[in-house]
Number of protein chains: 2
Amino acid sequence: MSRSNPRVLSTLERAGGFASAQEIYRLMQREGESIGLTTVYRSLQSLVNDKIVDVLRRDDGEAIYRLCGDAHHHHLVCKGCGDTVEIEGGAIEKWAKVMAEEHGFREVGHTAEIFGLCSKC
Amino acid sequence: MSRSNPRVLSTLERAGGFASAQEIYRLMQREGESIGLTTVYRSLQSLVNDKIVDVLRRDDGEAIYRLCGDAHHHHLVCKGCGDTVEIEGGAIEKWAKVMAEEHGFREVGHTAEIFGLCSKC
DNA sequence: ATGGGAATGAAAATCATTTTCATTTGTGCT
DNA sequence: AGCACAAATGAAAATGATTTTCATTCCCAT
């Protein structure tokens, strides 16, 4: 298994903590960094595994990565401008737990995301 | 511009109102319907334009379509055997609505999925 | 029948992402 | 230093969904 290349994380930070793999790659190229696209993808995967970055999807399906806070949270994403708000999911945690128990599931995790149009769009 | 092929919509309904373009295509093939993948994509696009169906994204980025306003359900998926249980998400609906309103979002939808290990695994 | 626009679908093009695999780099050991 | 072995790297090929192209077929009003 591979470890994350630190330059990838630092580029993601510089990009405003919000970019696709391809964008990070192009950004590094433009700045004269020598790196392969493969390594960018691998590093991002590893950062996601380590829960250092979050992965979302653009409307066109391209994956976008961004630094995430430490607390477990969910997202409210605008379909128009892509603006994202981190929100609390207390209700979800409970719901997931109850549903899982009800069906005899163990080691449960969950995903939940809300999307719509923000006030500006 | 092209119009939606009615058989595509009817297949989407039959699929539980929740399927990807590829799945709809395979389903129609399996049932002996003669249709091209291109037409499936075009029909879905047109249905989305007409707001008859909604488009979401799977975790892997594949687009999934579902009938608008359809009472939708969520999934409890086993990480071990892939077994899936359909569950109610009343708590989620409420949570999504409240959170969206709180941040001034309109036309909101959401995705939520629980995963873990089922009793057999 | 016939002319034209819409619908169709096979095949090629696109694009993000993953896989393969040979090469390079790093690290610990003697 | 020299050696061995694991991890990291990246170019190129493979994959898979989606879109585009384009020639053909269908349908409908004249």
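Reminder, nothing fancy here: chain letters follow the sequence lines and each chain counts from 1.
When rounded to the nearest whole Å, the span between CZ of R7(B) and P of dA7(C) equals 14 Å. For the pair I35(B) CD1 and dT25(D) P, the interatomic distance rounds to 18 Å; values are reported in whole Å. Rounding to whole angstrom units, CG of residue D60(A) and C1' of dC15(C) are separated by 10 Å. The nearest whole Å value for the distance from the CZ atom in R42(B) to the C1' atom in dT19(D) is 10 Å. For the pair Y25(A) OH and dA12(D) P, the computed distance is 10 Å after rounding to whole Å. Atom pair L44(B):CG and dA17(D):P shows a separation of 14 Å (rounding to whole Å applied). When the C1' atom of dT25(D) is taken as reference, atom CG of N5(B) falls 15 Å away, rounded to whole Å. With rounding to whole Å, L37(A) atom CG is found 12 Å from dT9(D) atom C1'.
Both R26(A) and T38(A) lie close to DNA chain C; mapped to their nearest nucleotides by heavy-atom distance, the more 5′-ward contact belongs to R26(A).
Under a cut-off of 6.0 angstrom, the local environment of CG in D50(B) is crowded, with over 12 non-hydrogen atoms contributed by other residues, nucleotides or ligands.
Using cut-offs of 30° and 60° for the angle between ring planes, the W95(A) and H74(B) rings count as perpendicular.
The shortest distance between the side-chain N/O atoms of Y41(A) and the OP1/OP2 oxygens of dT17(C) is below 4.0 Å. Residue Q45(A) places none of its side-chain N or O atoms closer than 4.0 Å to OP1 or OP2 of dT17(C).
When each of M99(B), E93(B), K97(B) is checked for a side chain to side chain contact (heavy atoms under 4.5 Å, CB included) with H110(B), only E93(B) meets the rule.
E62(A) comes within contact range of the sugar-phosphate backbone alone, with a heavy-atom separation under 4.0 Å but no base atom that close.
The closest side-chain donor-acceptor pair between Y25(B) and Q29(B) falls under 3.5 angstrom.
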